[in-house]
There are 2 protein chains.
Amino acid sequence: MNNTTLKKISGLLGLSISTVSRALKNHPDISEKTKQRVTELADSLDYEPNANAIQLRTSKSNLFGLVVPSISNFFYHSFISAVEEESRKNGYALMILQSGDDPAIEILNLKLCRKSRISGLFACISNQTFNFDAYLKMKDLDIPVIFFDKVPELNNCNKICVADEASAAMAANTIILKNKKKVLAIFGNTNLSITKKRLSAFTKTMDGKIDLLVHHANSTTEAEAITLECLQQKPDTIFCMSDEILAGAMKAIQRAGLKIPDDIAVIAISNGFIPKLYFPEITYVETSGDELGRLAFSSMMACLDGSTFTQELTTVSVLVEGGSI
Amino acid sequence: MNNTTLKKISGLLGLSISTVSRALKNHPDISEKTKQRVTELADSLDYEPNANAIQLRTSKSNLFGLVVPSISNFFYHSFISAVEEESRKNGYALMILQSGDDPAIEILNLKLCRKSRISGLFACISNQTFNFDAYLKMKDLDIPVIFFDKVPELNNCNKICVADEASAAMAANTIILKNKKKVLAIFGNTNLSITKKRLSAFTKTMDGKIDLLVHHANSTTEAEAITLECLQQKPDTIFCMSDEILAGAMKAIQRAGLKIPDDIAVIAISNGFIPKLYFPEITYVETSGDELGRLAFSSMMACLDGSTFTQELTTVSVLVEGGSI
DNA sequence: TCGTTTACTGCAACCGTTTGCGGAATTGTT
DNA sequence: AACAATTCCGCAAACGGTTGCAGTAAACGA
């Protein structure tokens, strides 16, 4: 273990630690000559300031935390990638933790974040989270929290969401426009606000114009089973609220040997990866994780700049036509 | 900002900082009574030891770094998930950084790791990395490095790899066993060692027993085009070296309206996610990122326990039967 | 020649924790 | 009652930086 520290440099150069520190930060008090000597030696010794010492002294860390149910999820990839990229560009590191939709682990993860003295947190709550104390504690510690995607129903916090209502309405309108008659609509876990929003906007837009079968699925497998069963009622269209559900529905459709879009039409709200796996590609309303990520990051930076103003942002949604409806 | 520290607790209890510190760690010098008083107060105050201070004092961090070209890749998901899970269970946090296959960013990421004083590094090098100085520097600092998947051709370092040859051979044997006659085999970019290994093992196992069409695709779209074209030569089986390729091949098969496995059989080497998206599910040789991750983690722990013994491990591969062949 | 300014640099405290060592209070031994 | 052995606890230094303040030497003006 061969770390170069300020002390080492100062010893080698016959300067004090403080002078070396200041020289490295280009402080006006230090003469050009000294600065040059210091930086040269520091470079040749591969000096890396100890982030822990800095955080300890200044109580400013360059670490963000990100907690999410699972990084192996279609949608979160792109979100995380975007946040990670922005963080790096701005000199921050990102600590990524996953809860596996287990609230107990989620709490543990938040604890780890606090221990590591992160300076900001991106959080997507798990399906089962009803107690937000751990998040509120973050606020007590002045750690800004940006909720994304699955957000709690709390006031006074920063939320970045996809345009749930608009997306669902857009999908519904597309179905109406295509003159469909009988729709099977599969939504996710009823506890989630995302589900509630999409469901209400969807049904409201439909407004009884079309025969509507609404179901809820908590997983891909459930979605497959539901689809398979409902297929007997011969819907002409299936709407899927998410990628997980779409994957299940598609499997059922393939199993039943139905042809898209002739036998049945499909439309989904999605990130875009899964829909492009099939032929014909599935028509979907895009919810871009990438855009959401950048939005979340800039929101974080605003918080760190001292903005106490909490905001709820949504991204705009776009219809991407495949050939499935 | 309302952090509870040892000092605060000691002040409240009229004890010294050191006593509190020892009480919290169950040190034998401290009486049970005192221990109890201290832990109770600490609990009620939500005391979280400052990880930075600990690292500074003990020079032991609870942080691992993980650098990878992209987390948005089928295979790395499960690997990262596994490492992350194991890390958490063992009290470590994981800092995940992606390079986007850019060596310059890769170097920056490694620098960030050093600054953060990680105690170990998991690394998958980018396609373009030919200079390993930054990695060697890690070794100078006594930071163990576990290379995974794409590993450098260096001696004396820990490498964890997928069993490329064995997987390809297993797929080939399965095809032979099923008595297939004409196989379209699609591989990836010829520059990658992974492609070379899989290709040579596959063809060697086939050993002229079966009519073989070999093609290379650099992307999902290319794979689709190739498949579509080759379908005219009526192969009875398609082998896909990777998930990207499988996705393309499947799209072509759907476009052509072929039925699996009657019209055509499909087998792939995969992580398991994509194959399960279709019905029937695609039979594949599993290259488990999950297992690889756990292997990498235990290898890391061995290093931290002082093992200077470097090893090159490969995972065993398993055939997962869908219904596609 | 003698204050006074200016340009550099160093001292020392501090962030929160760990830990070797020494000291006080308590108990046990003759 | 005197002394040794235990228990229990606190002092202080250290980890690697940052930063307010003070000190020194050179340069300057009068």
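Chain identifiers are assigned alphabetically (A, B, ...) following the order of the sequence lines, protein sequences preceding nucleic acid strands; residue numbering begins at 1 within each chain. The basis for the numbers below is simple: all heavy atoms, side chains too, and nothing from hydrogens, waters or symmetry mates.
- Judged purely by atom type and a 3.5 angstrom limit, Thr39(A) uses its side chain to pair as donor or acceptor with the backbone of Lys35(A).
- Shown are Arg114(A), Arg117(A), Lys137(A); of these, the side-chain hydrogen bond (donor to acceptor under 3.5 Å, both in side chains) with Glu48(B) is made only by Arg114(A).
- Ser10(B) places a side-chain N or O within 3.5 Å of a backbone atom of Lys7(B) that can act as its donor or acceptor partner.
- One N or O donor and one acceptor, one from the side chain of Ser18(B) and one from the base of dC11(D), sit under 3.5 Å apart.
- For Lys25(A), whose side chain is taken as the heavy atoms from C-beta onward, the closest listed nucleotide among dT18(D), dC9(D), dC11(C) is dT18(D).
- At least one side-chain nitrogen or oxygen of Ser21(A) sits closer than 4.0 Å to the OP1 or OP2 atom of dT18(D).
- For the pair Ile54(A) CD1 and dT19(D) P, the computed distance is 10 Å after rounding to whole Å.
- One interatomic measurement links the two molecules: CG of Leu15(A) to C1' of dA7(C), which rounds to 15 Å at whole-angstrom precision.
- For Thr19(A), taking side-chain heavy atoms from C-beta onward, the closest of the listed nucleotides dG17(D), dG16(D), dT9(C) is dT9(C).
- The distance between atom CD1 of Ile17(B) and atom P of dC14(C), rounded to the nearest whole Å, is 12 Å.
- The closest donor-acceptor contact from the side chain of Ser87(A) to the backbone of Leu94(A) lies at 3.5 Å or more, if one exists at all.
- In this structure, Leu56(B) places its CG atom 14 Å from P of dC15(C), rounding to the nearest Å.
- For residues 87-129 of chain B, the ring-ring contact (aromatic ring centres under 6.0 Å, His included) pairs, not counting sequence neighbours, are Phe64(B)-Tyr92(B), Phe64(B)-Phe122(B).
- The distance between atom NZ of Lys33(B) and atom P of dA25(C), rounded to the nearest whole Å, is 16 Å.
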Protein and nucleotides 21-24 of chain D: nitrogen or oxygen contacts under 3.5 angstrom:
none

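- Phosphate contact (OP1/OP2 of dC8(C), side-chain N/O of Thr34(A), threshold under 4.0 Å): absent.
- Mapping Glu32(B) and Glu48(A) onto DNA chain D by nearest heavy atom places Glu32(B) closer to the 5' end of the strand.
- Listed pair Thr58(B) / dC15(D) fails the phosphate criterion, with no side-chain N or O lying under 4.0 Å from OP1 or OP2.
- Between the P atom of dG16(D) and the NZ atom of Lys115(B) lies a distance of 16 Å, rounded to the nearest Å.
- Taking atom NZ of Lys7(A) as the reference point, atom C1' of dC15(D) lies 8 Å away to the nearest angstrom.
- Between the Lys150(A) side chain and the Pro69(A) main chain, no donor and acceptor come within less than 3.5 Å of each other.
- The nearest whole Å value for the distance from the CG atom in Leu6(A) to the P atom in dC14(C) is 20 Å.
- At the heavy-atom level, Thr5(B) lies under 4.0 Å from the strands shown only through sugar-phosphate atoms.
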Q. Stepwise, does the side-chain hydrogen bond (donor to acceptor under 3.5 Å, both in side chains) test hold for Asp149(B) with Tyr76(B)?
A. CA-CA 9 Å; Asp149(B) 200 43; Tyr76(B) 296 132; 2.9 Å; yes

